[in-house]
Amino acid sequence: MDKTFQPADIESRWYEEWEAKNYFAPRGGEPAYSIMIPPPNVTGSLHMGHGFQEAIMDTLIRYHRMRGHNTLWQVGTDHAGIATQMVVERQLEAAGSSRVELGREAFVDKVWQWKEESGGTITRQLRRLGSSLDWSRERFTMDPGMSAAVQEVFIRLYREGLIYRGQRLVNWDPALHTAISDLEVISEEEQGHLWHFRYPLVGGEGHLTVATTRPETMLGDSAVAVHPDDERYRHLIGRSVHLPLTGREIPVIADDYVDREFGTGCLKITPAHDFNDYDVGKRHGLPLVNIFTDSAEISAAAPEAYRGLDRDSARKRIVADMESAGLLDKVEDHTLKVPRGDRSGVIIEPYLTDQWYVDARALAGPAIKAVENGDIRFVPRQWENTYFAWMRDIQDWCISRQLWWGHRIPAWYDDAGNVYVGDSEQAVREAHELAADVALQQDQDVLDTWFSSALWTFATLGWPEETDDLATFHPSSVLVTGFDIIFFWVARMIMMTLHLRDEVPFHTVYVHGLVRDAEGQKMSKSKGNVLDPIDLIDGIDLESLVAKRTAGMMQPQLAARIEKATRKQFPDGIAAYGTDALRFTYYSLASTGRDIKFDLGRIEGYRNFCNKIWNAARYVLMNAEGEDAGAGSGEVELSLADRWITDLLDATTRTVTEALASYRLDLASQALYEFIWNEYCDWYLELSKPVLWDEAASAAQKRGTRRTLVGVLEATLRLLHPFMPFITEEIWQAVAPLAGKGGATIMLAPYPEAGSTPADKEAAADIEWLKAVIVGVRNIRGEMNIPPGRELPVLLAGGDERDRVRLKQNSQYLKKLAKLRGIDWLQAGEEAPAAATALAGDLEILVPMAGLIDKDAEVSRLTREIGKLEQDLSRIGKKLDNKSFVDKAPTDVVAREQEKYRAQQQAVTTLKEQLVRIRQM
RNA sequence: AGGACUAUAGCUCAGUUGGUUAGAGCGCUACCUUGACAUGGUAGAGGUCCCCAGUUCGAAUCUGGGUAGUCCUACCA
C-alpha cells in the first residue's frame, strides 16, 4: 500500500467493477426501497448541486442495499425542452443557419443528434461520484415508453375535462416565441421611471393625467379608469378622452381596482398587455387592442409611425412624441418589478394566445390532503407550509409550448377549427368517423417539460402497464430534491400520480439546501464562481480553471473580473481531493434547513481524513497480515482497550443508524469522523502497540488485540461505506479476509447493526482514567516544552485503592503512551521531590523537575490552573448556596453539582499545596 | 404586503427533550520527522452564544419584541 491515499486509480477501478458485475441492480429481499433520480438535463453537465444531491441519494441507497432491502435507484435524464432547444439553436446560429431555415423535422433530428453526442457527459459524471445507479434501467423522458405514457395521460385528462384549450393572456417570451408558465417568470426589482401622460378630454376642456411605467403600451389603451368614489373624477365617469398619437377616443370608466393614492388616481387600461387590465377590460367589455407582434414589436394594430419598432425604441419614440405634443406632464424615478423569462432573460409580455391548460385546482385537493394526512412527509417539516401555500392558491397550469423539442401535443384540428384528441391521426379519424378528405393538422406545440417529469416515478417503471416493477417499487421511498423545484416538479408529481394511480409518488420528500460558494453567493456562470465537482475530485490547474470559467462569456469585462477573482481565490488551482473526500464534505455540511457554503478548507480536512483511514489500515494490515488475527479457534484474551473500542463501535453504529433514519447525514458523518480519528486512531491503535510489541504478552492476548484491530476496522469500513464508497471497498478487500468475512464486495456486505449487549461501563471508566493520567503527563510535557521523545519518571500520590488496581493493570499502556521511564507510588510519609503536578480525579501525578522543568514556568502553570479551577468553584458554589436551586432542582442534578464542588475543591487544595512547595524551593 | 429560514471561536459549522467547563474542522502559537500517517503527533490560545425583556432554581436552548442577512409567494399602474 502507498504511504498516502491515491484516490484516482482506485475510484475508476472499483466503479467499473461494480457496474460490470451488476451490483447496482435490485437483488430481491424485503422490503423494497426505491429512489427515482431527479432526471438531470440530458445535455447538461454536473454542478455542485447535483453532486450534493447524488451524494445524499447514494448514501441512502447503499445503506438500504447493505441492509438487504430490495433496492432500486432509478436513473434517467430529462429532455429539458427549452434549455436544450436553445443550445442547439445557438449552435445553428454560430454556423450561420437557423431553426426556421432547417425546418421542424430536420431541426428535431439535429437535437437528437446533439443529445447522442453530449448526452453521455452527465452520466459519466454521475459515475465519477460513485453513484450506484442501476444503469441497465436508464430512461429518458422522450424515449418511446415515456412518450407513450405522456400521450396516455394527456388523452385521459382531456377526456376527463382536466386538460382544456383556452384563449387568455399568457406569459409570452418574445425571444423564444413561446408561452411559459408562471413559475418560469422571474420578477425582480429594477430601476425605471414613471411617466405622467395627459390624455385630453373629448369636448375640449382639460385632460386626465395617467401614470405609467410602460409608455409604449398606451397605443393599446382601451380606457382610463378612476375609482368610483374618487371625488376628483366622479363627474368625468362616462365621458371620453382622446388617446394621443392614435386618433382613438377611449372612455373614462369607474372601477374600484384603482388605487386613489397611487400617481394621479387615473389608470390607463391596456387589456391586451397587462394581467390586471385584462380583468378590468373583461368587467367593462372593453376591446382588446393587441399592439405587439409575437416578437414584441409594434404591430399593424398601431399607428403606422410606430410599426416594427421594438419595445424600447417604441418607448423612446412615444415619450418624445408626447413631450413635443405637450402631453408629457413629468417623469419620475421609480423602482418596479420587471418580469423576465428564466431561460431567455428577456422581459416577458402578457400576450393573448390559445394554449392548453391543466385544471390544477381540481388536482390540487387530493395532493394537499396527502401531505396533510401524512401520506407524504417533508423533511424538514417547514417545507410543507410552502407547499400548502402554493397549492391552496394554485393557478391553472399552461402546458403548451411553442417549441419543436418535446412531446408533441396529441391533438388534431380540422379546417373548421374543431379539436380532436387521440393517439394518432388515424385513431382520431376512426373515433370521430371523419372522412378521408377531411384535412387534419396536428397541433404544432409541444408539452412543457415538467409535464413528462411529473410522471417520472411511475412511467419509469412501465406504466401504463401494471408491471411487477410498479407493484414492487412504487410508491418510491423518498424524493431527494432542492426547494427550488417543489412547485415545478414535486407538487406536480404528487397531483399527477395521485390522480392517475391513486397513490402517492413517494412517502418522503427530503429537501436539501442550495450549494453556494465560499462567500455565500449563488454559483452562476455569469458570476464566474462555479465549481465543478469533477475538478474537486481530479484537481485542476489555475490556467485551466480560468479558461473554463471565462469560456463563452458574452461580456469581456466580466471575464476579466472573473479571471482576477479566480486567480486570487485559487492561486495554485485546485488540488485533487478524490470522490470520497468530496462526498464526505457534502455530508458534513448537510444539516437540514440550511444552505451550504462550500468551503475548501473542509474538503481538504476530509481528504486528510481519507489519508488517516488509509494509514490506519496500513498499520492494521502490517500487524495482522500473516499473523493469527483470531479468526480461527485459538484462545483469545481481550484487553481493556479491546473491550472499550468494541463498545464504542457499537455506540457509533447506533448513532449513525439513527442519524440516517432522520436524514441527518451531517451527524452521521461527524460520528464516523470522531470515532475513527479521535478514538480508533488516536487511542485504540496506540493502545494496541504495547500489546503487540510486548515480548511478554501471551499469544491469546496478541490474538485478542489483532482480532479487535481487524474486526473493528472491518465493521467500521462497512459502517462508512455508504458515505465513502471507494476507499472503504479498497481497504475492505484486504481486511475482510483477516476478519474472517467473505463476499466479493463491501457493497453487498451486511450493514453493521448495533448490538443488544449492555455497554461495558467498567471498561469505559477505566479507559477514561487511563486517558486522564496520560493527558496529565502530556500536559506537563507540552507546557514545559519537554521533547516527546524524552522518557520521564513519574510519581503517583493520593488516590484510592481503585487507582492502585488500575495502575497495576495499565502500567504498560501508561509507559508507552505517556513515554514514561518508571511509575512509582509515593509512600505514606515520604517527602515528594520537587515536581510538576497534574491531577486525575483525586490522584496526583508528579513529574520530578530535576533538570527538566523550570521553577517559574511551573509556578505560572499552576497559578493559571488554580485560577481556572477557582473560577469554576465559585460558580458552582453560588449555585449550591442558592436555596431555591437546592430545593427545586432534581436531586440528581444537585448531587452532581455537589460532587463536582467537592472534586474541584480537593483539586484546588492539592494544587495550592504544591504551589507553596515549589515556591519554597 | 405576507411567509419561511438564519445569526454560536478569525472562517465553515454542530449543539437532540432547558442542567456540559458551549464543541468539531480549518486557521493561529509552541514543541516534535517517536517503528500507520507531516495529508501527521502533542499541548495551547481564542466565545457578551445578535440585542432587549420575560418564564424558570437554572436559558445558546422556551416565550414576546427588536436588529441584521438570505430566500419564497403575491403585487399598484
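Note that these values count all heavy atoms, side chains included, but never hydrogens, waters or copies made by symmetry. Naming: A, B, ... by sequence-line order, numbering from 1 per chain.
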Item to check | Steps toward salt bridge (charged side-chain N to carboxylate O under 4.0 Å, His left out) verdict (A/E783, A/R864) | outcome: CA-CA 12 Å; A/E783 296 260 328; A/R864 217 169 44 224; 2.4 Å; yes

Item to check | B/U8 and B/A22, which share atom name C1', separated by this distance in whole Å | outcome: 8 Å

Next on the checklist: Looking only at the side chain of A/N779 (C-beta and beyond, no hydrogens), which of the listed nucleotides B/G44, B/A74, B/G19 gets closest?
Outcome noted: B/G44

Next on the checklist: We want to know whether A/T209 and A/K330 form a side-chain donor-acceptor pair, criterion being a heavy-atom distance below 3.5 angstrom.
Outcome noted: no

Checklist entry - In Å and rounded to the nearest 0.5 Å, what is the CG to CH2 distance from A/D682 to A/W677? => result 8.0 Å

Item to check | Spacing of the C1' atoms in B/U70 and B/C50 (rounded, Å) | outcome: 16 Å

Item to check | Protein-nucleotide distance (A/W683, atom CH2; B/G41, atom P), rounded to Å | outcome: 13 Å

Next on the checklist: For A/Y606 and A/S669, which I'm curious about, is there any donor-acceptor pair between the side chains at under 3.5 Å?
Outcome noted: no

Checklist outcome for this item: From CG of A/N882 across to P of B/C57 the rounded distance in Å is 9 Å

Next on the checklist: Could you tell me how far apart A/L792 (CG) and B/U34 (P) are, to the nearest whole angstrom?
Outcome noted: 17 Å

Checklist entry - Is there a ring pair (Phe, Tyr, Trp, His ring centres under 6.0 Å) between A/W614 and A/F5 once you walk through the steps? => result CA-CA 6 Å; A/W614 186 255; A/F5 173 54; 5.3 Å; yes

Next on the checklist: Can you check the distance between B/G69 and B/A74, where both ends of the measurement are the P atom (answer in whole Å)?
Outcome noted: 24 Å

Item to check | Separation between the P atoms of B/G18 and B/A4, rounded to whole Å | outcome: 22 Å

Tabulate protein N/O versus nucleotide N/O from nucleotides 21-25 of chain B, keeping only pairs under 3.5 Å, one per line.
| from | atom 1 | to | atom 2 | distance (Å) |
| --- | --- | --- | --- | --- |
| B/U21 | OP1 | A/K900 | NZ | 2.8 |
| B/U21 | OP2 | A/K900 | NZ | 2.7 |

Item to check | Length of the line joining A/R864:CZ and B/G44:C1', which is rounded to integer Å | outcome: 8 Å

Item to check | Residue mapping more 5' on RNA chain B - nearest nucleotide basis, A/S884 or A/E783 | outcome: A/E783

Next on the checklist: Output the rounded distance in Å from CG (A/L589) to C1' (B/C13).
Outcome noted: 7 Å

Next on the checklist: Rounded to the nearest 0.5 Å, what separates atom CZ in A/F675 from atom OG1 in A/T655?
Outcome noted: 10.5 Å

Checklist entry - Do you know which of A/D277, A/D255, A/D256 makes salt bridge (Lys or Arg N to Asp or Glu O under 4.0 Å) with A/R283? => result A/D255

Expected rows: protein N/O vs nucleotides 36-38 of chain B N/O, under 3.5 Å:
| from | atom 1 | to | atom 2 | distance (Å) |
| --- | --- | --- | --- | --- |
| B/A36 | OP1 | A/K689 | NZ | 3.2 |
| B/A36 | O3' | A/R618 | NH2 | 3.2 |
| B/A36 | O2' | A/N615 | OD1 | 2.7 |
| B/A36 | O2' | A/R618 | NE | 3.3 |
| B/A36 | O2' | A/R618 | NH2 | 2.8 |
| B/A36 | N7 | A/K689 | NZ | 3.4 |
| B/A36 | N6 | A/C681 | O | 3.4 |
| B/A36 | N6 | A/E686 | OE2 | 3.1 |
| B/A36 | N3 | A/N615 | O | 3.2 |
| B/A36 | N3 | A/A616 | N | 3.3 |
| B/C37 | O4' | A/N615 | OD1 | 3.0 |
| B/C37 | O4' | A/N615 | ND2 | 3.4 |
| B/C37 | O2' | A/N611 | ND2 | 3.2 |
| B/C37 | O2 | A/K612 | NZ | 2.9 |
| B/C37 | N3 | A/K612 | NZ | 2.9 |

Next on the checklist: Could you tell me how far apart A/Y901 (OH) and B/G19 (C1') are, to the nearest whole angstrom?
Outcome noted: 19 Å

Next on the checklist: Taking B/U21 as the reference, what is the distance to B/U55 when you measure between their C1' atoms (whole Å, please)?
Outcome noted: 26 Å

For nucleotides 3-8 of chain B, list the nitrogen or oxygen atoms of the protein found under 3.5 Å from its nitrogen or oxygen atoms, one pair per line.
| from | atom 1 | to | atom 2 | distance (Å) |
| --- | --- | --- | --- | --- |
| B/C5 | O2' | A/G593 | O | 3.3 |

Checklist entry - Do the rings of A/F723 and A/Y587 sit parallel, tilted or perpendicular, given the 30° and 60° boundaries? => result perpendicular

Next on the checklist: For a quick check under 3.5 Å, do A/D666 and A/S588 share a side-chain donor-acceptor pair by atom type?
Outcome noted: no

Checklist entry - In terms of side-chain heavy atoms of A/K597, which of B/U12, B/A77, B/C57 is nearest? => result B/U12

Item to check | Residue pair A/D279 / A/Y257, side-chain donor-acceptor N/O under 3.5 Å | outcome: no

Checklist outcome for this item: RNA chain B in dot-bracket form (Watson-Crick or G-U pairs under 3.5 Å, [ ] crossing, | inter-strand) is (((((((..((((.....[...)))).(((((.......))))).....(((((..]....))))))))))))....

Item to check | Inter-nucleotide P distance (B/A7, B/U61), Å rounded | outcome: 12 Å

Item to check | salt_bridge(A/D872, A/R875) N-O dist < 4.0 Å | outcome: yes

Next on the checklist: Any base atoms under 4.0 Å from A/F598, or only sugar-phosphate, or nothing? Heavy atoms, all strands.
Outcome noted: nothing

Just distance, no hydrogens or angles: give the donor-acceptor pairs under 3.5 Å from side chains in residues 386-394 of chain A, sequence neighbours left out.
| from | atom 1 | to | atom 2 | distance (Å) |
| --- | --- | --- | --- | --- |
| A/Y387 | OH | A/A367 | O | 2.8 |
| A/R392 | NH2 | A/E372 | OE2 | 2.7 |

Checklist entry - Do A/R607 and B/U39 have a side chain to base donor-acceptor pair shorter than 3.5 Å? => result yes

Checklist entry - Which part of the nucleic acid, if any, lies within reach of A/R516 when heavy atoms closer than 4.0 Å are counted: base, sugar-phosphate only, or nothing? => result sugar-phosphate

Item to check | Span that lies between the P atom of B/G25 and that of B/G41, in whole angstrom | outcome: 10 Å

Item to check | Residue pair A/I10 / A/I727, side-chain heavy-atom distance below 4.5 Å | outcome: no

Checklist entry - Taking CG from A/N785 and C1' from B/C32, how many angstroms apart are they, rounded to a whole number? => result 10 Å

Next on the checklist: Classify A/L267 by what it touches in the nucleic acid, base, sugar-phosphate, or nothing, heavy-atom distance under 4.0 Å.
Outcome noted: base

Checklist entry - Closest to the A/F487 side chain: B/C31, B/C75, B/U73? => result B/U73

Checklist entry - Is there a donor in the side chain of A/D2 and an acceptor in the side chain of A/T4, or the other way round, less than 3.5 Å apart? => result no

Item to check | Presence of salt bridge, A/E858 and A/R861, under 4.0 angstrom | outcome: yes

Checklist entry - By ring pair (Phe, Tyr, Trp, His ring centres under 6.0 Å), which residues pair with A/H284, not counting sequence neighbours? => result none

Item to check | Interatomic distance where CZ belongs to A/F885 and C1' belongs to B/G18 [whole Å] | outcome: 13 Å

Checklist entry - How far does the C1' atom of B/C51 sit from the matching atom of B/G10, given to the nearest Å? => result 22 Å

